[in-house]
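I have placed the structure first, in the form of structure tokens, so that the comments after it can refer back to it.
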Amino acid sequence: PVLSHDGADLAAALQTVIETGDEAGLEVAIEEAFPGSTLAIARRDNGVLAVQLRQHGLLRPLGAEELSDGTLRYLLMTAALLSPRPAGLLVLNEPETSLHADLLPALAGLIVRAAAGAQVVVVSHARPLIEAISATAAGPEVELTMVELTKEFGQTVVAGREPLGGPPWSWPKR
């Protein structure tokens, strides 16, 4: 019912979204990322499910083995973020890795949609993704807290906070 840690069951996870989850959200996610494309889950002769992406201008759908790394990563993120049984906490470390810049607004929409039902922490260096998340999360249904980190003299600090502006630290007693 949920995507495995290695993504090997991508087709099954997407089929679960189609059957018991947010099929409309999946269709929107595919259309926003790959305009004019449709996603299908096919059953092979051996009974195994397979991802097929039909793209405008191609005569046949492409299987997962023919998709780019970025397209596969986007589909994996889609399966994880639209899961009908979402985790209470999702941590996405640099989710923009291997994605074409045109996919970042669609990814931002998926992240904000997931944040309506779970706590989502996103760590990113991609300013366009951060801006897209901020723009998409403008409504009251998602609370957005942003923390910007910067390097000062080789030390990572929270931007805009004075050196002693954080909570006091005390070593626990032994």
Side-chain angles (χ1 to χ4, degrees), residues 1-44 46-122 124 126 128-144:
V2 295
L3 186 66
S4 66
H5 72 284
D6 64 357
D9 61 349
L10 174 60
L14 289 170
Q15 185 63 29
T16 301
V17 171
I18 291 168
E19 290 180 10
T20 63
D22 188 359
E23 183 177 9
L26 178 59
E27 289 173 1
V28 168
I30 297 302
E31 180 59 33
E32 287 180 353
F34 313 108
S37 298
T38 56
L39 178 74
I41 307 301
R43 185 175 303 274
R44 293 187 178 154
N46 60 2
V48 175
L49 297 178
V51 171
Q52 292 185 336
L53 187 65
R54 182 171 293 282
Q55 296 180 310
H56 179 72
L58 296 180
L59 298 177
R60 63 175 181 80
L62 298 177
E65 64 280 357
E66 299 173 293
L67 299 175
S68 71
D69 182 52
T71 299
L72 278 175
R73 286 182 61 86
Y74 181 81
L75 292 175
L76 287 163
M77 292 278 195
T78 301
L81 294 170
L82 291 178
S83 173
R85 290 185 21 200
L89 172 66
L90 295 167
V91 179
L92 305 176
N93 186 26
E94 299 182 11
E96 71 277 1
T97 303
S98 296
L99 296 186
H100 190 279
D102 291 347
L103 292 177
L104 298 184
L107 178 60
L110 282 170
I111 291 169
V112 170
R113 185 182 209 108
Q119 183 177 3
V120 180
V121 176
V122 179
S124 178
L129 177 61
I130 295 166
E131 290 170 355
I133 290 171
S134 297
T136 306
E141 61 276 351
V142 175
E143 180 183 338
L144 178 65

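This one's a predicted model, so the numbers in the text were calculated from it and none came from an experiment. For the single chain, residues carry numbers from 1 onward in sequence order.
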Within a strict 4.5 Å, meaning less than it, do heavy atoms of the M77 and L99 side chains meet?
no
Just verifying a value: how many Å separate L10 CG and L76 CG, rounded to the nearest 0.5 Å?
5.0 Å
Listed once per pair and sorted, the ring pair (Phe, Tyr, Trp, His ring centres under 6.0 Å) pairs that draw on residues 76-98, sequence neighbours left out:
none
Considering only heavy atoms from C-beta outward, does the side chain of L81 approach that of L92 to under 4.5 Å?
yes
Under the rule for side chain to side chain donor-acceptor pair (under 3.5 Å), what residues qualify as partners of S83, not counting sequence neighbours?
none
In the structure I gave you, are the side-chain heavy atoms of P61 and L53 within less than 4.5 Å of one another anywhere?
no
Per-pair distances, 0.1 Å, donor-acceptor, side chain in residues 101-120, under 3.5 Å, sequence neighbours excluded:
{"from": "R113", "atom 1": "NE", "to": "D22", "atom 2": "OD2", "distance (Å)": "2.9"}
{"from": "R113", "atom 1": "NH2", "to": "D22", "atom 2": "OD2", "distance (Å)": "2.9"}

Validation row: L3, D9 side chains within 4.5 angstrom (heavy atoms):
yes
If you compare all heavy atoms of P84 against all heavy atoms of T16, which two are closest, and at what distance to 0.1 Å?
CG-CG2, 3.7 Å
Please identify each residue that fulfils side chain to side chain contact (heavy atoms under 4.5 Å, CB included) with I41, with sequence neighbours left out.
A11, L14, Q15, I18, L49, V51
Heavy-atom closest pair, residues N46 and V48:
OD1-N, 3.1 Å
Applying ring pair (Phe, Tyr, Trp, His ring centres under 6.0 Å) as the test, list every pair that has at least one member in residues 97-116; sequence neighbours left out.
none
Can you name the residues that form a side chain to side chain donor-acceptor pair (under 3.5 Å) with E96, not counting sequence neighbours?
S124
Over all atoms of both residues, closest heavy-atom pair of L82 and V17:
O-CG2, 3.6 Å
Which residues satisfy the side chain to side chain donor-acceptor pair (under 3.5 Å) test with S134, sequence neighbours excluded?
none
With a 4.5 Å heavy-atom cut-off, do L75 and L67 have their side chains touching?
yes
Let me check something: any side-chain donor-acceptor pairs from residues 30-38 under 3.5 Å, sequence neighbours excluded? List them with distances.
{"from": "E31", "atom 1": "OE1", "to": "G36", "atom 2": "N", "distance (Å)": "3.2"}
{"from": "E31", "atom 1": "OE2", "to": "G36", "atom 2": "N", "distance (Å)": "3.3"}
{"from": "S37", "atom 1": "OG", "to": "F34", "atom 2": "O", "distance (Å)": "3.2"}

For residues 59-88, which residue pairs qualify under salt bridge (Lys or Arg N to Asp or Glu O under 4.0 Å), counting only residues two or more places apart or in two chains?
R44-E65, R60-E66
Looking at residues at least two apart in the chain, or sitting in another chain, which of them share a side chain to side chain donor-acceptor pair (under 3.5 Å) with E27?
none
